[in-house]
Each structure stands twice: as structure tokens, then as C-alpha cells.
**Student:** 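Before I ask anything, let me first share the structure, which is written out below as C-alpha cells.
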Amino acid sequence: MMKPFNHDIGGYAFLGLLVATAWAIPLAVFLHRDAHGSAMELPRCDEARSLDQVREALEEQGGQAVLGLFDATELRRGAIGDYRRCLAKVVTTAGEAHIGFAIGWHDRRNAIPFWTGDRLPPSPLDRANH
């Protein structure tokens, strides 16, 4: 004699949940891609986009002209690729210095990163005036 269907509903629900989970993980990985089909990654420390963002921010907050920004290297990366910590040399009208900056996700789903970092050290003229 067969069991009525309603007695096995818990087993079917569990099996359905198991199958849905098995499909959801690969589907989420597939959908987490940019418009070109590649997995989304943060910009690298040495990419022109990153250096332009950092240069612009340094000039705005420091009041010094940035003559060059080079030797950008990645010091650390988040375990799941959610941030990069970088170090670069900056040359300004006041001299040369090392600055640190980070790149992270502002909106990962829409592939919008943010950049944040150290301020320029005070120039010798600024130190003399204070």
C-alpha cells in the first residue's frame, strides 16, 4: 500500500530546498559578472584610472600641484577581493613622498569602486608658517 502524498511533504520540501541551493550557488557566480562577461574586479593600484583618481584627490585636498604619481604597488588585498591597499610615490612642487591609498567597492553590484587614502605631508613652507 502506498503512503498518501501529504505524509511525505517534509521530505519533498527538503529535497526541493537542497536542489534549489545546489543551483543557486553556480547561478549567483554566473550572474556576478560585468557587462563583458568577466568577473568583476576592483581596479588595480597601478591602473591609470586609479592613479588619476588619487592624483585629483591629492591636488584638491593638498593645494599642491602633483607633478607625478608612480611606482604604485599593491600591499594587501581583501580575502574576497573587496579592497586593495596600495602604496605609491608622489612628486609635488614641495618634494617627494610616499602615500598609501585603498580601493574598495562603493556599489559592488553596479561595479562602482571608491578610492581613499593618505593626505600629502605638509610642505616645508607650511611647516615654517605654523
Side-chain angles (χ1 to χ4, degrees):
M1 181 170 197
M2 293 182 67
K3 289 184 183 179
F5 177 75
N6 61 358
H7 290 293
D8 290 334
I9 194 74
Y12 288 117
F14 176 74
L15 183 60
L17 186 60
L18 188 63
V19 169
T21 303
W23 278 95
I25 293 170
L27 185 61
V29 170
F30 175 75
L31 293 176
H32 186 70
R33 302 193 175 266
D34 65 10
H36 304 290
S38 58
M40 288 187 289
E41 280 195 28
L42 286 168
R44 292 186 328 269
C45 298
D46 60 352
E47 279 185 31
R49 178 181 177 189
S50 296
L51 298 176
D52 289 345
Q53 290 286 335
V54 172
R55 175 182 287 118
E56 185 178 307
L58 290 172
E59 286 180 343
E60 285 178 11
Q61 51 106 329
Q64 301 175 38
V66 175
L67 305 175
L69 188 61
F70 56 96
D71 289 342
T73 56
E74 185 174 302
L75 300 176
R76 192 173 331 137
R77 179 184 236 194
I80 59 172
D82 57 342
Y83 75 92
R84 295 180 196 264
R85 184 76 181 132
C86 313
L87 185 68
K89 281 186 188 174
V90 61
V91 178
T92 66
T93 51
E96 189 176 299
H98 285 88
I99 56 131
F101 62 96
I103 307 167
W105 287 116
H106 172 70
D107 182 350
R108 187 177 198 138
R109 175 174 226 150
N110 292 311
I112 301 172
F114 72 86
W115 289 264
T116 187
D118 300 339
R119 298 182 68 85
L120 284 172
S123 69
L125 288 174
D126 289 341
R127 281 182 251 152
N129 290 336
H130 288 107

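Note that the numbering runs from 1 along the sequence shown for the chain.
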**Student:** Of all heavy-atom pairs between I103 and P113, which one has the smallest distance, and what is that distance?
**Tutor:** CG2-CB, 4.4 Å
**Student:** Is a donor on one side and an acceptor on the other found under 3.5 Å between the side chain of D46 and the backbone of A72?
**Tutor:** no
**Student:** Measuring from atom OG1 of T116 to atom NE2 of H106, what distance do you get when rounded to the nearest 0.5 angstrom?
**Tutor:** 13.0 Å
**Student:** Search all heavy atoms of E96 against all heavy atoms of F70 and return the closest pair with its distance.
**Tutor:** OE1-CZ, 4.4 Å
**Student:** Using distance only, find each side-chain donor-acceptor pair of residues 77-94 under 3.5 Å and give its atom names and separation, not counting sequence neighbours.
**Tutor:**
from : atom 1 : to   : atom 2 : distance (Å)
R77  : NH2    : E41  : OE1    : 3.4
R84  : NE     : P43  : O      : 3.1
R84  : NH1    : E74  : OE1    : 2.6
R84  : NH2    : E41  : OE1    : 3.4
R84  : NH2    : L42  : O      : 3.0
R85  : NH1    : F101 : O      : 3.3
T92  : OG1    : Q64  : OE1    : 2.9
T92  : OG1    : A94  : N      : 3.1
T92  : OG1    : G95  : N      : 3.4
T92  : OG1    : G95  : O      : 3.3

**Student:** Just distance, no hydrogens or angles: give the donor-acceptor pairs under 3.5 Å from side chains in residues 50-62, sequence neighbours left out.
**Tutor:**
from : atom 1 : to   : atom 2 : distance (Å)
S50  : OG     : R44  : O      : 2.8
S50  : OG     : W115 : NE1    : 3.1
E59  : OE2    : V66  : N      : 3.1

